[in-house]
Amino acid sequence: MDGPEGVRGKEEAAPGREAGDAEEAGDGFQLVTHGKKKKRASGQEGGGAGSGAVLGAGSVGALTKDKGAAPGTKPKVPFHDPSIPRPQDVYKIRVDNYKPFEHVWLERSEDGTRPVHPLEKLPVEHFVDRNVPECEPVKPADIEDTPFTLVEDHKGLMELAKKLKSVTEFAVDLEHNQYRSFQGLTCLMQISTRREDFIVDTLKLRIYIGLYLQEPFKDPTKRKVMHGVDRDIMWLQRDFHIYVCNLFDTGQASRVLQMERNSLEHLLLHFCGVTAKKEYQNADWRSRPLPEEMIKYAREDTHYLLYIYDLMKQRLQRESTPENDLLLEVHKRSNEICLQFYEKELLTDTSYLHIYGLQEHELNAKQLAVVAALHGWRDRIARQEDESTGYVLPNKALIEIAKQMPTDNGHLKRIVKSKYPFVESSLDEIIYTIWNALEYSYAFEGIAEQLKKERLEQLALKSVPASDETTILDAESDRSNIDPACQSSVAPSSTANVNVASDGGAGFMNETALISSIHLEDNTQTISSTKIFETLPGLTRPINKDALSNNRYQQATEELKRPTLGALGNSAPGRQTENFGGFSKEKICVLLFSFRVGAMWTTLDLLCFLTSSSLVG
C-alpha cells in the first residue's frame, strides 16, 4: 500500500453530499504491539491504492468517464455506486463486530495473556541479505509481456500456493474497501514473483486464503517485499489470520534513505520510469468483474517491487557505515510493523470525544450530550448492519444534528435531507434518543467546559506569530515525547495552578475566601536566551521573544525568575497586601475574576498584566 487510509474519524461525508459519496472511511482498528496500543499518527493519511469505494460493476465506462470533469482535467473514478451488491451478501461473509478479535492460529505466551508472533523467536539479523550481486539488477519485462493469472477459484489458489513454495522472494500488495462494512474488507491480493504476476480475488476466496497462503507468508526463508504496509499487516491478520515474517518495506527504506518522497508512485517513477495512474488509488475494489484498467493498476503495485528492492538494497549497503547499518535499520523497522497485532475497535464511554472535527465546534452540555447519544446509536447500527459509521451517519451530519437538537421528525428531516438510509428509517428512534440525551445533559457540563477550554487554548496557539524558532506543538504529543529526565531543560520557568471554588450565591468572592482557595507554584528555572516556554493546563509551547515587545519580554522574564513562594500564611481581616511571588492579593483577585467571567489570557499576558498594573482595592 502506498499509504494508509484516513482514520475512522475522517470517514464522514458532508451533509450536502449524496448518500454513498463518502469521504475517507476509517479502518476500525487499533495497533497493538506486545499488548500495548499505539496511536496512529495523523500524518498517516492519504489512502493507498486500497482505500475504497465502489465502481460500476464491471463498467469500464464508469471508471474512465466523469461527466462532471472540467475540460482538460483528469476524470475522477467514482467513489461509490449504491447499485453494487455488498460482498457480505453475495459471498456470505459473516463477521463479528462485537467480540474482541482472537488470534486463534498463534501460540500463547507462557502466562496465556497474549499471542506470540512467530517473528518474536527470530533475530532480525537473520533476515539481512548482504550478498552483492555480480551484475546490476535487471528491470522486469513490461506488464504486457509478463505472464498473468487472475486467481478466482480454489484450484487457482492451490496452484499459486505451489508456485510460492518454489521461490525465495515475492512482492505483495492488498486492495481494500472500508465504506460499506464496519471493519473493512480486503478485496484483492496482488503477488508478483520474478517471472509472473497474480491477482487473487480475496472476496470470493476469503475462507481459503489463510489455509493456503499462511505458510509462505510466515516462512522466514522467503522474503516478502511490500510498500507502506502498516494497514496491510492488519488486514492480513484480520481477514485471513496471516502473519508475516521476513519483510522488507520499501516505504521504510525510502525513509531511511531520506528520499524526496516516500510514496510508491514516486519510487515507480524514480527507479522504473513508470507513471502510475493514481486516479484508481481510491477506486472501489469490490467491483466485479474487474475492468482491465483496474487490473493493470493493481499489477503495477507489485510488478516492479522486487526490482525496486534490488536497487534500494544496493544503495542502503553503499551508504551504510560501521556505525550506521542502514540495511539492518530497514529490517528492524519492517519487523516492528509485522509485530503489531490487529485489535477490533470497541465502543467506550469516551469514544465520542474522538469524533473528527468535534473540537472545531463550541458545543454546550446539551449539544454534547446529543453528540454522545447519536455516536452510540450510530455505532450500534453500524456494527449490527456491518456498515461503516460514515455510511450510517457522517460526522458532519451528526454534529449538525447535535447543534440544532431537533425534537420532531420534520426538523430532523430538514437537516439530513434524506441522504442517509439508516437515518431515514429510524427518525422516531433518533428523536427519542435526542430527547433522552437532553434529559441527562447535566452530566456533560464539566466535559463541555473542558472542551471549550482546550479549544480556546488551540486558538491561543494559532494566534502566536510563526517563526523559525517557534513551533506549535500538540500538547499531548509534547508530554508523551519529552523524556522526564530532560524536562528541566524544556519545562516552563514558571507554572501556576489556580483552583477557584465558585460561590453560586454571590457575584464576587470575598477576598479571604478567594485567597484561601488559591494554590500557586513557582519553580525557579534558567531562562533560555532564545526562548521562554509557556504552560497552560494541557498545553506546552515555546514562545518566540522576538514576537514580543522588549518591555513585555523583560517584564515577563523578571517575573519568571522570582524565587519560590513560601507559605501563604493566614488571612487577616481587612485589606490584604502580602505579596505572593511579587503578586499582591488584589492583583490575584482581578486575575481570578477575569477567568471567572470567561476572559482567556495566555500565561505570558497575565504575567505582564500583573507586573505592570497599579491596582486599587
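Residues take their numbers from the sequence shown, with the count starting at 1. All of these numbers come straight from a predicted model, not from anything done at the bench.
Counting only heavy atoms from C-beta outward, the side chains of His103 and Tyr342 approach each other to under 4.5 Å. Looking at heavy atoms from C-beta onward, Leu305 lies in side-chain contact with Thr250 at the 4.5 angstrom threshold. You'll find the side chain of Ser254 reaches within 4.5 Å of the side chain of Met312, heavy atoms only. With a 4.5 Å cut-off on side-chain heavy atoms, Leu185 and Gln178 do not count as touching. When side chains are defined from C-beta on, Thr202 counts as touching Phe240, because their heavy atoms get closer than 4.5 Å.
Looking at every heavy atom in both residues, Glu329 comes nearest to Val256 through CG-CG2, 3.9 Å. The two residues Ser109 and Val116 have their closest heavy-atom pair at N-CG2, 3.5 Å. The minimum heavy-atom distance between Arg299 and Thr146, with the atom names listed, is NH2-O, 3.2 Å. The two residues Ile337 and Gln252 come nearest to each other via the heavy atoms CD1-NE2, 3.7 Å. Here the closest non-hydrogen pair linking Ala283 and Trp285 is O-CD1, 3.2 Å. The shortest heavy-atom contact between Leu306 and Thr193 is CD1-C, 3.8 Å.
Side chains of Asp197 and Gln190: no donor on one and acceptor on the other come within 3.5 Å. Residues Asp249 and Ser334 have side chains that never bring a donor and an acceptor to within less than 3.5 angstrom of each other. Under the 3.5 Å distance criterion, with hydrogens and angles disregarded, no donor-acceptor pair is assigned to the side chains of Ser192 and His303. Between the side chains of Thr302 and Asp173, no donor N or O sits under 3.5 Å from an acceptor N or O. Side-chain polar atoms of Ser181 and Asp386 form no donor-acceptor pair below 3.5 angstrom.
Ion pairing of Glu169 with Arg194 is present here, as a side-chain N (NZ or NE/NH1/NH2) and a carboxylate O approach within less than 4.0 Å. Residues Glu196 and Lys163 are paired through a salt bridge, judged by an N-O separation under 4.0 Å between the basic side chain and the carboxylate. Between Arg315 and Glu319, at least one side-chain nitrogen of the basic residue sits less than 4.0 Å from a carboxylate oxygen of the acidic one, meeting the salt-bridge criterion. Using a cutoff of 4.0 Å between basic side-chain nitrogens and carboxylate oxygens, Asp201 and Arg288 are scored as salt-bridged. At a threshold of 4.0 Å, the pair Glu429-Arg380 counts as salt-bridged, since one of the basic side-chain nitrogens sits closer than that to a carboxylate oxygen. Of the charged side-chain nitrogens involved, none lies within less than 4.0 Å of a carboxylate oxygen, so that Arg383 and Glu387 do not count as a salt-bridged pair. Ion pair Asp129/Lys313 flagged as a salt bridge, since at least one NZ, NE, NH1 or NH2 atom sits closer than 4.0 Å to an Asp/Glu carboxylate oxygen. Checked for salt-bridge contact, Glu215 and Lys165 miss the test: no charged N lies under 4.0 Å from a carboxylate O.
Around CD of Glu125, the count of heavy atoms belonging to other residues, nucleotides or ligands within 6.0 Å exceeds 12. Within 6.0 Å of CD on Glu107 lie no more than 12 heavy atoms contributed by other residues, nucleotides or ligands. Around CG of Asp349, the count of heavy atoms belonging to other residues, nucleotides or ligands within 6.0 Å does not exceed 12. Around atom NZ of Lys204, more than 12 heavy atoms belonging to other residues, nucleotides or ligands sit under 6.0 Å away. Crowding of Arg108 atom CZ: a count of heavy atoms from other residues, nucleotides or ligands under 6.0 Å exceeding 12.
Under the 30°/60° scheme for interplanar angles, the aromatic rings of Phe248 and His331 are found to stand perpendicular.
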Begin from the C-alpha positions of Leu213 and Ile242 and carry the test side chain to side chain contact (heavy atoms under 4.5 Å, CB included) through to its verdict. CA-CA 8 Å; Leu213 300 184; Ile242 286 178; 4.1 Å; yes
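Taking the six-membered ring where the residue is Trp, the centroids of Phe271 and Tyr309 are separated by 6.0 Å or more.
Stacking of Arg180 on the aromatic ring of Tyr391 is recorded, both the 6.0 Å distance cut-off and the 45° axial limit being met.
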